[in-house]
Amino acid sequence: MKRNALAILFLAVFVDLVGYGMIVPLLPFYVQRVAPGATLVGILSGFYAMAQFLVGPMLGSLSDRFGRRPVLIACLSGTSLAYLLLAIADSLPLLVLALLIDGITGGNLSIAQALIADSTTPDRRARGLGLIGAAFGLGLMVGPVIGGMLSLTNLSAPALVASALAFANTLFALAALPESLPPERRRLIPLDNAKP
C-alpha cells in the first residue's frame, strides 16, 4: 500500500475510534435519559454487539463483491447517522434504533484490515495491520477524554461531535481513500453464505 493511502486509512480509523470512544463510556447516561436501570444498559450493549456479530460477515461479503471503499464509506455514513440519532434520542425506541444502526454499520475496522490485506505484500502486511491497531488504540484513549469534557456542557454534545467527526470522515474517505480491490479480483459470494 502506498504510504499516503496508509496514512489516510490510519487517520480514518483513528477518527472513527475517537467517536466510538466518546460515546461508549456515556452510554449509561444516554439510557438514563429515556429509561432508568443498569439492566437496560447491559441489554442494549448486548443488542449492539449482537447486531455487529450478525451483520459483520455480510459486510465482508459485500466488500468482496463491490469493493472495500464503498462499504467503508457506507459504514462511516451509518455511524454518523447513528450518533446523530443518539444525540436527539428522547425515547427508548429511538435509542434502540440508534444502537441498531451503529451495530449494523460498525464493521469499519474489519473493512480497514481488508484494505490493508489487499494492498500490501506479505512482508509489509504486519506493519500495515500494526498501524491500524495503533490507530484503534489511540482513538480509544483520546475519545473518552474528549467525550467526558464535552459532556460537562451538555449530554448531547459528545454524540453531536462524534456524528460530525464520522460525517467528516465519510467526506474524507470519499475524497482521498483509494479502492484496494479491483473489479477483476472481486468475488460474487452469495450473502446467505456470509452468515456467522
Side-chain angles (χ1 to χ4, degrees), residues 4 6-52 56 72-113 129-177:
N4 61 339
L6 190 57
I8 289 165
L9 194 55
F10 177 91
L11 188 59
V13 171
F14 172 72
V15 171
D16 186 52
L17 267 296
V18 167
Y20 177 80
M22 287 168 63
I23 296 305
V24 170
L26 298 173
L27 185 59
F29 299 102
Y30 288 112
V31 174
Q32 283 179 355
R33 284 197 312 194
V34 297
T39 303
L40 185 59
V41 174
I43 290 170
L44 290 178
S45 297
F47 181 69
Y48 165 83
M50 182 62 73
Q52 232 180 13
L72 182 63
I73 288 167
C75 286
L76 293 171
S77 302
T79 297
S80 179
L81 174 62
Y83 291 158
L84 180 61
L85 290 175
L86 189 62
I88 63 171
D90 57 358
S91 66
L92 187 57
L94 193 54
L95 182 64
V96 169
L97 178 63
L99 293 173
L100 178 63
I101 292 171
D102 196 26
I104 288 171
T105 60
N108 304 349
L109 186 62
S110 60
I111 303 299
Q113 289 171 333
L129 292 172
L131 282 172
I132 294 304
F136 182 93
L138 285 171
L140 282 183
M141 282 192 301
V142 173
V145 175
I146 296 172
M149 287 172 24
L150 288 171
S151 70
L152 296 174
T153 307
N154 181 318
L155 190 56
S156 293
L160 288 172
V161 170
S163 176
L165 280 173
F167 183 70
N169 214 5
T170 303
L171 297 179
F172 179 63
L174 273 168
L177 188 67

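On a predicted model such as this, the values are computed, not experimentally measured, just so you know. When a residue number appears, it is its place in the shown sequence, counting from 1.
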Which pairs would a plain distance check flag for residues 32-41, meaning a side-chain donor or acceptor within less than 3.5 Å of a matching protein atom at least two apart in sequence or in another chain?
| residue | atom | partner | partner atom | Å |
| --- | --- | --- | --- | --- |
| Arg33 | NH1 | Ser156 | OG | 3.1 |
| Arg33 | NH2 | Leu86 | O | 3.0 |
| Arg33 | NH2 | Ala87 | O | 3.4 |
| Arg33 | NH2 | Ala89 | O | 3.4 |

Q) Taking only residues two or more places apart in sequence or in another chain, which ones pass side chain to side chain contact (heavy atoms under 4.5 Å, CB included) with Ala166? A)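 Side chain to side chain contact (heavy atoms under 4.5 Å, CB included) list for Ala166, sorted by chain: Thr79, Ser80.
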Interatomic spacing from [atom1] in [X] to [atom2] in [Y] - rounded to 0.5 Å:
X	Y	atom1	atom2	answer
Leu72	Leu174	CG	CG	10.0 Å
Leu165	Leu160	CG	CG	11.0 Å
Leu44	Tyr30	CG	OH	14.0 Å
Ile101	Ser77	CD1	OG	12.0 Å
Leu155	Leu150	CG	CG	11.0 Å
Leu85	Asp102	CG	CG	10.0 Å

Residue pair [X] / [Y]: nearest heavy atoms and the distance that separates them:
X	Y	result
Thr105	Ala74	CG2-O, 4.3 Å
Ala82	Ala98	CB-O, 3.3 Å
Ser151	Pro158	N-CG, 3.7 Å

Check: residues 8-29 side-chain donor-acceptor pairs under 3.5 Å, at least two apart:
| residue | atom | partner | partner atom | Å |
| --- | --- | --- | --- | --- |
| Asp16 | OD1 | Asn108 | ND2 | 3.0 |
| Asp16 | OD2 | Asn108 | ND2 | 2.8 |

Q) Quick check: are there more than 12 heavy atoms from other residues, nucleotides or ligands sitting under 6.0 Å from CZ of Phe167? A)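 Counting neighbours around CZ of Phe167, 12 or fewer heavy atoms of other residues, nucleotides or ligands fall under 6.0 Å, so no.
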